[in-house]
2 protein chains.
Amino acid sequence: MSENEQKKATIYDLSIQSGASASTVSAVLNGTWRKRRISEETARRIISLAEELRYTANQQARALRSSRSGLAGLLLPVYDTRFFSSMAQTFEAQARQRGLLPVVVSGRRDPEEERRVAESLVAYSIDSLFIAGATDPDGVHKVCARAGIPHVNIDLPGKLASSVISENRQGARALTAAIIRHAQQTGPLSPDDVYMFGGRDDHASRERIIGFHAAKAEIFGTATGNDTESTGYSPSMTALAFERFYDRHGRLPRCFFINSSINFEGLLRFMGKHDGEAFGDIVVGCFDYDPFGSFLPFPVYMIRPNISEMLEKGFELLESEETGPHIILVEPQLVAPRTALEGPLDALKDSNCD
Amino acid sequence: MSENEQKKATIYDLSIQSGASASTVSAVLNGTWRKRRISEETARRIISLAEELRYTANQQARALRSSRSGLAGLLLPVYDTRFFSSMAQTFEAQARQRGLLPVVVSGRRDPEEERRVAESLVAYSIDSLFIAGATDPDGVHKVCARAGIPHVNIDLPGKLASSVISENRQGARALTAAIIRHAQQTGPLSPDDVYMFGGRDDHASRERIIGFHAAKAEIFGTATGNDTESTGYSPSMTALAFERFYDRHGRLPRCFFINSSINFEGLLRFMGKHDGEAFGDIVVGCFDYDPFGSFLPFPVYMIRPNISEMLEKGFELLESEETGPHIILVEPQLVAPRTALEGPLDALKDSNCD
DNA sequence: TGTAATTGCACCATCGATTGTGCAAGAGAG
DNA sequence: CTCTCTTGCACAATCGATGGTGCAATTACA
């Protein structure tokens with residue numbers, strides 16, 4: 001592995017070879033040279049020398065001196081869902097566009113782990129942190145605040161820092177209405193046929209439950225009790241909930257709302273153990289979008305959060321130096337069954353088929 | 001945001017408050033203090049003071065001095081598929097286990113972008129780089145080699161550095177055999193009914209095509225020509241390929257092999273535009289695993305690469321200081337239709353349903 | 001022509017941690 | 001009681017980039 005493994009060039013190497021001082025070289029290469037009244041000619045000379053030697057600045061040194069690292073952090077619960085991986089993808093693009101190197105880490109929905117991970121980012125003096133879907137956003141906030149690191153919450157709000165989140169309530173209302181209308185096409189539906197699975201006691205889940213009930217009340221004109229089952233964000237717990245329901249009723253609800261694609265995986269596990277008879281005619285809504293989920297053998301309505309806009313607003317919040325904790329709502333999109341939306345993948349130039 | 005925003009404590013702060021010198025503090029906190037013959041008592045004193053002041057080392061300073069940053073890089077083409085997001089998730093866990101901070105970036109299957117991204121990681125003096133699914137692994141190799149950064153290829157091999165990849169040929173053979181057998185259960189099948197879509201001219205695709213043809217030859221005893229269509233790793237190109245096939249034959253092939261979940265998304269787009277008549281009885285194999293893909297309204301066999309083992313071997317390669325470029329093969333897993341495997345999500349402790 | 005203003009750059013301290021080296025105090029040997 | 005060894009730590013250079021300050025040379029102006 002050690003072919004022409006020359007030590008990387010530094011401003012001192014450039015300084016010697018160009019005859020200019022190190023500080024001049026530094027100024028030229030970081031763009032502050034006009035302010036320092038360096039002549040165009042010197043600048044050009046140094047720049048072309050830098051290209052020749054393939055100089056790139058040592059970011060550690062730069063960060064140490066200027067206490068700005070050029071790193072932007074994103075804290076996710078997990079990568080492994082289309083929602084979060086899509087967020088990582090979009091974040092990367094937006095961060096790099098701003099000249100920052102994105103560092104994505106996962107807190108595994110464990111408040112302690114979230115704080116530990118945040119600490120480790122702080123140790124690298126990240127310039128800003130996006131906290132997405134944290135179990136304890138305010139714990140992470142404290143870590144950032146102590147280190148003076150600007151941060152925003154994405155998708156799950158915190159009390160102590162600004163947040164950009166989906167319009168969960170209206171989204172859930174629209175989603176619920178859509179699945180009820182669809183189910184009604186194949187026969188009369190009672191409020192007891194409409195159920196909700198997944199989520200826990202977090203802001204998003206609470207809002208979605210409110211929206212869910214609002215839609216039911218609008219359509220059926222009456223409130224029902226016991227129609228939601230909280231299972232955490234765990235596939236196996238959700239599968240258990242479906243099993244329990246099946247044990248009691250001999251089938252799944254005609255029509256139900258699943259709180260996230262992670263919970264949806266619980267439905268898959270249930271399906272893997274049963275054949276179609278348990279769910280021949282179900283209509284499902286899921287508050288998350290997954291292209292494969294959209295084509296399952298029954299109608300699946302999905303909600304796609306507008307990730308790109310949430311992140312964009314997040315960057316704007318950070319750049320605007322706003323004071324108090326604001327909450328910004330971003331409208332999500334209702335996706336009809338059997339819909340393959342375009343996504344970040346389509347931005348790739350991979351149309352060349354050799 | 002500026003509540004108790006004390007500047008982070010440094011070894012100098014600890015030095016003053018503990019009465020020891022900065023170098024002693026440093027040695028105590030980085031674990032080299034026994035080698036430096038610092039007394040247990042001094043060490044304990046400093047450690048407890050550090051905890052009290054919530055000291056964490058400035059990684060930039062450490063990296064600058066010791067030229068080891070504690071960063072481990074992973075270069076992916078994209079995040080937004082279950083394969084790569086699962087890889088990111090697993091990589092994160094394994095890197096953190098080794099005390100490294102994972103930095104995941106995407107090269108968008110663009111050789112230039114791959115090199116640029118690698119350069120930007122090099123500027124942060126990452127300690128090692130995992131190159132996964134790069135279009136031009138050897139270009140990235142050169143970037144690393146020049147900077148003396150240890151690196152391995154994952155999933156797609158390079159010629160110049162060691163690689164850990166899936167056993168594509170045998171995996172493809174098994175997958176092809178599985179879909180053919182399945183399709184034969186519902187009536188006689190001719191070699192012309194068995195097709196392959198997706199991929200491009202990379203090592204993985206070539207191996208898979210060989211395996212695909214090997215399985216066909218074994219079962220049908222005869223070779224057929226024109227039975228593969230390369231579409232790049234692009235959903236829209238793949239959708240076009242399906243459309244073209246449909247235009248010519250009035251239906252999709254009875255039985256086909258899709259080269260990756262990205263290409264599978266092309267099938268989804270096709271499905272979104274057509275109703276079941278075009279593919280009522282198809283049997284599909286996909287070289288990638290996606291839990292939702294496994295439950296589509298037709299049999300889908302999938303291959304799950306053993307990501308965890310590939311990364312593990314990758315770390316071992318880096319740690320072993322091996323010389324010449326090695327290639328390590330890792331057996332993937334054939335997954336029957338309607339199977340919801342456990343994944344990284346299940347490692348989360350989120351069973352608490354408040 | 002003398003003075004003020006501007007141009008163009010070099011010098012040097014600094015960020016926080018690491019590490020080779022040096023040295024005083026105490027322990028042990030003779 | 002002297003001499004050597006060990007123990008326990010402090011000193012200071014260093015990593016590479018940044019930015020405040022100072023100063024010589026040139027230009028502008030009266």
Side-chain angles (χ1 to χ4, degrees), chain A residues 6-47 49-50 53-71 122-125 127 147-148, chain B residues 6-47 50 53-71 99 122-125 127 147-148:
Chain A
Q6 355 143 345
K7 281 257 149 285
K8 283 192 58 187
T10 72
I11 51 170
Y12 299 99
D13 301 328
L14 294 189
S15 160
I16 292 171
Q17 294 198 38
S18 70
S21 77
S23 63
T24 298
V25 173
S26 169
V28 167
L29 294 172
N30 68 26
T32 60
W33 56 280
R34 290 184 181 287
K35 213 169 54 193
R36 290 184 142 261
R37 297 179 321 201
I38 309 282
S39 70
E40 289 262 355
E41 205 225 293
T42 309
R44 262 200 304 277
R45 192 158 36 89
I46 291 177
I47 287 172
L49 184 62
L53 269 60
R54 301 169 146 279
Y55 170 85
T56 53
N58 180 321
Q59 296 294 329
Q60 321 286 356
R62 180 205 289 266
L64 175 58
R65 179 56 228 250
S66 62
S67 60
R68 296 195 337 99
S69 63
L71 299 173
V122 166
Y124 283 93
S125 352
D127 293 339
Chain B
Q6 356 144 344
K7 281 259 150 283
K8 282 191 59 185
T10 71
I11 51 169
Y12 299 99
D13 302 327
L14 295 189
S15 161
I16 291 170
Q17 294 199 37
S18 70
S21 76
S23 62
T24 299
V25 172
S26 169
V28 166
L29 294 171
N30 68 26
T32 61
W33 55 281
R34 292 184 180 286
K35 212 168 57 195
R36 289 183 146 265
R37 298 181 319 204
I38 309 282
S39 70
E40 289 262 355
E41 205 224 292
T42 309
R44 263 199 305 276
R45 192 158 37 90
I46 291 176
I47 288 172
L53 268 61
R54 301 170 144 281
Y55 169 85
T56 54
N58 180 322
Q59 297 293 329
Q60 320 286 356
R62 179 205 290 267
L64 175 57
R65 181 55 230 250
S66 63
S67 60
R68 297 195 334 98
S69 63
L71 299 173
V122 166
Y124 283 92
S125 353
D127 293 339

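Order of the sequence lines sets the chain letters (A, B, ...), proteins ahead of strands, with each chain counted from 1.
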Partners passing side-chain hydrogen bond (donor to acceptor under 3.5 Å, both in side chains) against A:Ser66 (at least two apart in sequence or in another chain) = none
Closest non-hydrogen atom pair between B:Gln60 and A:Gln60, with its separation = OE1-OE1, 2.7 Å
Counterpart residues, side-chain hydrogen bond (donor to acceptor under 3.5 Å, both in side chains), relative to B:Ser18 (two or more places apart) = none
Report the secondary structure of DNA chain D in dot-bracket form, marking unpaired bases with a dot and bases paired to a different strand with |, and treating Watson-Crick or G-U pairs with both distances under 3.5 Å as paired.
-> ||||||||||||||||||||||||||||||
How would you list all residue pairs meeting salt bridge (Lys or Arg N to Asp or Glu O under 4.0 Å) that involve residues 59-68 of chain B, not counting sequence neighbours?
-> B:Arg68-B:Asp127
B:Tyr124 side chain to A:Ser69 main-chain N or O, any donor-acceptor pair under 3.5 Å?
-> yes
Quick one: list whatever passes side chain to side chain contact (heavy atoms under 4.5 Å, CB included) with B:Arg37, sequence neighbours left out.
-> none
Over all heavy atoms of both residues, which pair between A:Ala50 and A:Leu29 is shortest? Give the atoms and the distance, please.
-> CB-CD2, 3.8 Å
Excluding sequence neighbours, so at least two apart, what forms side-chain hydrogen bond (donor to acceptor under 3.5 Å, both in side chains) with A:Ser23?
-> A:Ser21
Mark yes or no for whether B:Lys8, through its side chain, and B:Thr56, through its backbone, hold a donor-acceptor pair below 3.5 Å.
-> yes
Restricting both atoms to N or O, compile the protein contacts to nucleotides 15-18 of chain C shorter than 3.5 Å, with distance only.
| from | atom 1 | to | atom 2 | distance (Å) |
| --- | --- | --- | --- | --- |
| C:dC15 | O2 | A:Arg65 | N | 3.3 |
| C:dG16 | N2 | B:Ala61 | O | 3.3 |
| C:dA17 | OP1 | B:Tyr55 | OH | 2.6 |
| C:dA17 | OP1 | B:Asn58 | N | 3.1 |
| C:dA17 | OP2 | B:Ile11 | N | 2.5 |
| C:dA17 | N7 | B:Tyr12 | OH | 2.8 |
| C:dA17 | N6 | B:Tyr12 | OH | 3.3 |
| C:dT18 | OP1 | B:Arg62 | NH1 | 3.0 |
| C:dT18 | OP2 | B:Ser26 | OG | 2.7 |
| C:dT18 | OP2 | B:Asn30 | ND2 | 3.1 |
| C:dT18 | O2 | B:Arg65 | NH1 | 2.4 |

Its 5'-most and 3'-most nucleotides having an atom under 4.0 Å from a non-hydrogen atom of chain B, DNA chain D is contacted over D:dT7 to D:dG16
With sequence neighbours excluded, residues passing side chain to side chain contact (heavy atoms under 4.5 Å, CB included) with B:Ser67 | none
Quick one, which residues of residues 31-39 of chain A touch DNA chain C with a heavy atom under 4.0 Å?
-> A:Arg36, A:Arg37, A:Ile38, A:Ser39
Going by the salt bridge (Lys or Arg N to Asp or Glu O under 4.0 Å) test, which pairs reach into residues 12-36 of chain A, not counting sequence neighbours?
-> A:Arg34-A:Glu40
Base, sugar-phosphate, or nothing: which does B:Ser67 touch, judged by heavy atoms less than 4.0 Å apart?
-> nothing
Would you indicate what A:Ala63 reaches in the nucleic acid, counting non-hydrogen atoms under 4.0 angstrom: base, sugar-phosphate, or nothing?
-> nothing
Of the non-hydrogen atoms in A:Ser15 and A:Ala20, which two are nearest, and what is the gap between them?
-> OG-O, 2.7 Å
Residue list, side-chain hydrogen bond (donor to acceptor under 3.5 Å, both in side chains) with B:Ser26, at least two apart or on another chain = none
